[in-house]
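Structure first, then comments.
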Amino acid sequence: MHDAPATPASPTVPSVEPHQGSEMDSPEGASIRSEQKYRKFLKSLIRKQPRDLLLVIGTGVSAAVAPGIPALCSWRSCIEAVLGAAEQLEVLHPGDVAEFRKKVAKERDLLVVAHDLIRKMSPRTGDTKPNFFQDCLMEVFDNLEQHIQNPVVLQSILRLMERGTMVLTTNYDNLLEIFGQQQGKPMESLDLKDKDKVLQWARGHVKYGVLHIHGLYTDPCGMVLDPSGYKDVTQDPEVMEVLQNLYRTKSFLFLGCGETLRDQIFQALFLYTVKNKVDLEHYMLVLKENEDHFFKLQADMLLHGIKVVSYGDCFQQFPEYVQDLTAQICKQRSPDADRVDSTTLLGTSCVDCAKRKLGESGTDSPKRIKESDMPTLE
């Protein structure tokens, strides 16, 4: 069913689903916040410049932001919600609904189930446009903007984007774009069908662009879970080179991701042809529910060039950890600032001193700063 070449199974990442009653405003939440302040961060991560990072956003981010929408919490919850909508809209035979519910209950690889569901709700030609899957998602994700309850993680992501961090997501929702627009940011949703936009984004020219590698629920053209749906992309040397170059040159930071490394689209874009993964330095924040499993996962993921970091032992700690981590990263001084003449940082009186010194040495004016030495804001 899948056209992608076989690869060794990636380790299973701990679930990022929230636990019931995980309100950050509760007394327990206050205690967690207090404990969180004393957590240490990997210096190799917090010393990264924001523009050297690429955030990979998974369902855990959406679950933290809009806990009132169960479909945002995990792939399992999303598929169950879609099946419920399909049943109500009568766009899937009751026998098929029952069969898929059995698969959701017992199948380990939920991305395969989601892919099969899209196929079942699409034309028999295999084309994904038009399809009923999109109608079901639109039903499930109706009025997303009204469900944003805890925007802490989104605020942190926007703060990094302002400083040059790139963002891609495996999610169908556009919570980040909605929130960013509410904050006056020119957010832009991108998918892999638009080659020109993807190239611009990959080259850092779409500052507030969010690349949805599975597509967006509002766009009927972009709903794909199988690499065969993106053959125009995966067989385009120019696009693949710029995307894979990101995995070689940026540090990917996985937020709220539980299945991403087993995601066939992500594998096809970044993992299959990028060699020497152990030489890379990427990061993944995970929930540490079991110590033995966590430390085994750490060792296994290093083979992929990924450092696994625990944000805590309960989902409540995730937003606060991301907020504090972002603050640490944004505190770092940009190396570009070191290349600016120190007199530009000390006020006009020091500029006058510099002019006098330059005059004494026979130079008429201070050296002009080159544009290439200034920080890039794109």
Side-chain angles (χ1 to χ4, degrees), residues 54-63 65-66 69-75 77-79 81-82 85-86 110-111 114-115 117-119 121-122 127-148 151 153-154 157-158 161 166-183 185-202 206-230 232-234 239 243 255-257 259-260 263-266 268-269:
L54 190 152
L55 302 185
V56 182
I57 297 176
T59 56
V61 169
S62 298
V65 171
I69 303 181
L72 296 176
C73 294
S74 67
W75 275 108
S77 299
C78 182
I79 296 171
V82 167
L110 294 172
L111 293 176
H115 166 248
L117 183 57
I118 284 184
R119 293 282 177 159
M121 302 175 77
S122 301
D127 189 5
T128 58
K129 175 189 176 183
N131 65 74
F132 285 122
F133 187 78
Q134 183 211 7
D135 291 286
C136 293
L137 279 181
M138 293 180 75
E139 188 74 18
V140 168
F141 294 154
D142 190 34
N143 298 320
L144 272 181
E145 65 278 0
Q146 298 178 13
H147 295 275
I148 296 177
V153 178
L154 299 183
I157 293 171
L158 285 179
M161 293 182 80
M166 299 172 68
V167 176
L168 72 80
T169 181
T170 57
N171 296 345
Y172 288 126
D173 67 79
N174 58 346
L175 283 169
L176 176 59
E177 294 94 309
I178 290 172
F179 182 75
Q181 288 169 353
Q182 291 174 348
Q183 308 306 305
K185 306 299 183 186
M187 307 300 292
E188 193 167 353
S189 300
L190 314 173
D191 66 49
L192 292 171
K193 296 290 187 180
D194 190 337
K195 174 181 175 178
D196 291 339
K197 275 293 184 183
V198 170
L199 289 174
Q200 289 178 36
W201 173 85
V206 187
K207 183 176 180 179
Y208 289 102
V210 181
L211 180 63
H212 292 256
I213 64 172
H214 288 158
L216 189 63
Y217 80 97
T218 57
D219 181 3
C221 300
M223 312 280 275
V224 181
L225 282 171
D226 189 305
S228 64
Y230 285 134
D232 291 343
V233 174
T234 56
V239 174
L243 290 176
L255 299 179
C257 297
E259 301 283 341
T260 303
D263 183 308
Q264 290 199 328
I265 300 295
F266 188 87
L269 294 177

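Residues Ala81 and Val140 approach most closely at O-CG2, 3.6 Å, considering heavy atoms. Closest of all the heavy-atom pairs between Ala71 and Cys78 is O-CB, 3.3 Å. Looking at every heavy atom in both residues, Met121 comes nearest to Ala86 through CE-CB, 3.9 Å. For the pair Ser77 and Pro70, the tightest heavy-atom approach, listed with the atom from each and the gap, is CB-O, 2.9 Å.
Considering CG of Leu190 and CG of Asp196, their distance stands at 11.5 Å, rounded to 0.5 Å. Rounded to the nearest 0.5 angstrom, Met166 CE and Lys207 NZ are separated by 13.5 Å. One finds the CG atom of Leu211 at 5.0 Å from the CG atom of Leu192 (value rounded to the nearest 0.5 Å). To the nearest 0.5 Å, the span separating NE2 on His147 from CG on Asp173 amounts to 12.0 Å.
Looking at heavy atoms from C-beta onward, Glu145 lies in side-chain contact with Gln182 at the 4.5 angstrom threshold. Side-chain contact between Met187 and Tyr208 is present, with heavy atoms from C-beta onward closer than 4.5 Å. Counting heavy atoms from C-beta outward, Leu154 and Val61 have side chains that approach closer than 4.5 Å. You'll find the side chain of Ile57 stays beyond 4.5 Å of the side chain of Val210, heavy atoms only. For the pair Thr169/Asn174, no side-chain contact is recorded, criterion being any heavy-atom separation below 4.5 Å from C-beta on. Residues Glu188 and Gln200 fail the side-chain proximity criterion, which asks for heavy atoms closer than 4.5 Å.
Paired with Tyr217 under the rule ring pair (Phe, Tyr, Trp, His ring centres under 6.0 Å), one option of Tyr172, Phe133, Phe141 passes, and it is Phe141.
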Side chain to side chain contact (heavy atoms under 4.5 Å, CB included) between Leu243 and Val198, worked out: CA-CA 9 Å; Leu243 290 176; Val198 170; 4.2 Å; yes

Worked verdict on Leu144 versus Ile69 for side chain to side chain contact (heavy atoms under 4.5 Å, CB included): CA-CA 9 Å; Leu144 272 181; Ile69 303 181; 3.4 Å; yes

Stepwise side chain to side chain contact (heavy atoms under 4.5 Å, CB included) test for Leu176 and Asn171: CA-CA 11 Å; Leu176 176 59; Asn171 296 345; over 6 Å; no

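Between the side chain of His214 and the backbone N or O of Thr170 there is at least one donor-acceptor pair closer than 3.5 Å.
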